[in-house]
Amino acid sequence: MSMYDKLNEQQKEAVFHTEGPLLILAGAGSGKTSVITHRIAYLIDEANVNPYNILAITFTNKAAGEMRERVDNLVGFGSEQIFVSTFHSLCVRILRRHAENLGYTNNFSIYDSDDQKTVMKEVIKKLNLDTKHYKEKALLSKISSLKDELVSPEEFAISAAGDYEKRITASCYSEYQSALKKSNALDFDDLIVEAVELFKTCPEVLNSYVNRFKYIMVDEYQDTNTAQFELVRLLTGSNRNLCVVGDDDQSIYKFRGANIRNILDFERFFPEAKVIKLEQNYRSVQNILDAANAVIRNNSERKDKALWSKQKEGDRIHFREFDNSYEEAEFVARDIKKSVQEGKSDFGDNAILYRTNAQSRSMEEKLVQENVPYKIFGGVNFYSRREIKDLLAYLKTIDNARDDLCVKRIINIPKRGIGATTINKLQATADERNTTFFDSLMHPEWSDLKGAAADKLHGFELLILRLRAMAESEKPTAVLKEILDTTDYINQMDVEDEEDAENRIENIEELISKARLYEEEAEEPTLSGLLEEIALVADIDSYDESESRVVLMTIHSAKGLEFKNVYMVGMEDGLFPSYNSINQGDAEIEEERRLCYVGITRAKEKLTLTRAKARMMHGDTQYNPLSRFVNEIPRQLFDIAPVTRKYNDSYYDPDTSESGGYRRYDNYRDDESGYGSFKRNSSYDGASGYGSNSSGKTGYSGFSREASAGSSYSSGIFSGYKRPTAYNTKKETPEEEKPFFTKMNGLSGLTKGSDLAKPTGDLSAGDRVKHIKFGEGTVISVVKETKDSKVTVQFDTAGQRIMYASFAKLQKI
DNA sequence: CGTACTAGTCTTTTT
DNA sequence: GACTAGTACG
């Protein structure tokens, strides 16, 4: 029996079709990954294709790794030779090699969105534009979509000629590009655009890649934009062995430039293309599939498909409605806990999916309270934390001398007495002489700076030069440690309190272990390589399905994943679909609907939809009607059907209406008394017994993004918590490598003011206490330490925790 | 030059 | 409500 026997007819057809263009329309859960990996195996084993000639492009690094692993299991050897990568890392690899052809050096920096903003802000200033009217974010998003469509600054300038606003945008675009180029930097979009540019201007370079990549596969093809398509088209060359896999119903990245035409027009570009539809779903039970089909049916622009399954009917879809988001979260947390306790699932089988990252907060709070282990993906990026950005800016400065942005970021970190005045002078000189900022600071006399100011600059210059020399021979981690040592960074950080300091130190440790991991795994570790890897990771890349923790993420992030139990929370019009899409029109609603379809089809066995009648948004309470998508699901599929209502029902009265009515959206924003903005402040929260948050000013700020159940977390400050991290938690730093920071005075220099050591009242064993996050509990023991007391508390619902009294804000009751 | 306070923006989604 | 950038003042 061969490994291809378990494939169905359509899947086999796709696997065995090796020559010529192939479009696979793969419905959700139709065994798409299996087809891709088997096809690669078939190419290697049966069609005698050299693995070296295969290129597979995926959406995330995680998907790339998985694909390689699965191919590895199918073919005996050679899978490491396959080039599996994301669009962005593929382009970086190519560009590093040929950067000179485009006027960059091969150690170019990659700018993230924060960097982009900084650059654009300077552009706006330089062009003397009104900062009130011209927002860097809006300009950047416009520029980004131009790049997605491969429109150059010059081309856009021509098309903008007659339009004043457009002309302004055009000049910003052009200035922004030259600023990047001067800094030897590329933004995310440039990676693709410049690779295409390279191929168009250097046919011999393109040729070398066409010769190498004789067989190309693109996963999640519905999410490619015009630039990415062009790249693939060029790479395919005359080989024409391009296989793309996608599902137009799962296209959810239009806002990022994804062009649905790429899928709809594939056959126009490749008239000889074979098209195969995979319509049998292997993932979900029939009820879930029926719900998904019922929702997506309401979209008009789609390739016709009919998902079917041989699976059993399964559970009904669960629907629950709550008064507010706290009750919603509490239900989900308890429902998961119950399911695990009854042996129906493992924590890791459960996923909580939401439309916006902000919704993770209330979920997190209740999960902590119920002692449910979880992991949140997305949200604030690990690498955008201040201390991490600082250290990376040092590394980038060392790596790429032309990166003005980074130099300016760290020139006064830690404080060296080099202020805005000096920086402005140096920048002016740099502009005048058309050189880099660093060059300018090496010659203070150019800017008429002497005495103390010049000395300080000289000191900084020497530091960077020394570190740069060190980087020539030493590993990135050694350089990183040297930076921390010489700048005394840890002790110089200005921190809010000890907890903040702990947080940041852990983040820095995390960065070091990430660098160490990179050094161990990379064939040829370099500083540029490390920085590149950091720039291109996604949070989701660290998802490990073998971990026993509830997964929290946006529906966008969940694409491509599957879970036994899925909770889709916040099913409210205004949240999902979002206000923006509702105001914009049908195309946007259809995209939201596809998102809903993606969410539903993540579930294998159990799908639970929840909705809160009242929800805090932007600081005030919103009363949103039930999501229209829930109404699109036939009521017989639910265990408890939602109260149906018509779209333009009478207006909503929170006091009398049982489950929310529906009001038209026309100008809801202008009409203060209208839909959506009933301010009732804390009275509402108070009534439901969840008002605690308004009093504690720290609110959730000390909250972790990762937690684990059980008592294994009983050492270290703020036990029970792990800091936010983008990394695989399985790879803990080995114990013996940890003491790195102990030589630096630890925390002693960090503690600011005396309020930290102030006792929270004398606690002793047996006292009943209340904690802002864990609720009530009993003190087990109190251990006095030099500055503080370590208190062990047995919480009624959140298990046993050890915490420092002064930070825990324990209230005696 | 550095700090502390204020005002504005944000929350739709991300490689 | 939370975070950030910008500004006024010491």
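Values in this document were obtained by computation on a predicted structure and should not be read as measured data. Numbered from 1 within each chain, the chains take letters A, B, ... in sequence-line order.
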Run the side-chain donor-acceptor check on residues 447-461 of chain A: report pairs under 3.5 Å with partners two or more places apart or on a different chain.
{"unit_1": "A:Ser447", "atom_1": "OG", "unit_2": "A:Thr429", "atom_2": "OG1", "d": "2.6"}
{"unit_1": "A:Lys456", "atom_1": "NZ", "unit_2": "A:Gly417", "atom_2": "O", "d": "3.2"}

Reading 5' to 3' through [range], protein heavy-atom contacts under 4.0 Å coded B for base, S for sugar-phosphate only, - for none:
{"range": "nucleotides 1-6 of chain B", "result": "SSS---"}
{"range": "nucleotides 9-15 of chain B", "result": "S-BBBBB"}
{"range": "nucleotides 5-10 of chain C", "result": "SS----"}

Nearest heavy-atom neighbours spanning A:Ala185 and A:Tyr104: O-CE2, 3.7 Å

Output side-chain donor-acceptor pairs under 3.5 Å for residues 83-94 of chain A, partner residues at least two apart or in another chain, one line each.
{"unit_1": "A:Ser85", "atom_1": "OG", "unit_2": "A:Leu90", "atom_2": "N", "d": "3.1"}
{"unit_1": "A:Thr86", "atom_1": "OG1", "unit_2": "A:Ser89", "atom_2": "N", "d": "3.1"}
{"unit_1": "A:Thr86", "atom_1": "OG1", "unit_2": "A:Ser89", "atom_2": "OG", "d": "2.6"}

Pair A:Glu220, A:Gln222: side-chain N/O donor-acceptor within cut-off below 3.5 Å: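 Yes.
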
Answer yes or no: is there an ion pair linking [X] with [Y], defined by an N-O contact shorter than 4.0 Å?
{"X": "A:Asp115", "Y": "A:Lys389", "result": "yes"}
{"X": "A:Arg628", "Y": "A:Asp573", "result": "yes"}
{"X": "A:Asp249", "Y": "A:Arg594", "result": "no"}

Distance between P atoms of B:dT13 and C:dT4 (Å, rounded):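 B:dT13 and C:dT4 have their P atoms separated by 16 Å.
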
Salt bridge (Lys or Arg N to Asp or Glu O under 4.0 Å) partners of A:Lys126, counting only residues at least two apart: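 A:Lys126 satisfies salt bridge (Lys or Arg N to Asp or Glu O under 4.0 Å) with A:Glu175 only.
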
Geometric class of the A:Phe563/A:Tyr543 ring pair [parallel <30°, tilted 30-60°, perpendicular >60°]: tilted

Ring-ring centroid check A:Tyr176 A:Tyr111, cutoff 6.0 Å: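 A:Tyr176 vs A:Tyr111: aromatic centres not under 6.0 Å.
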
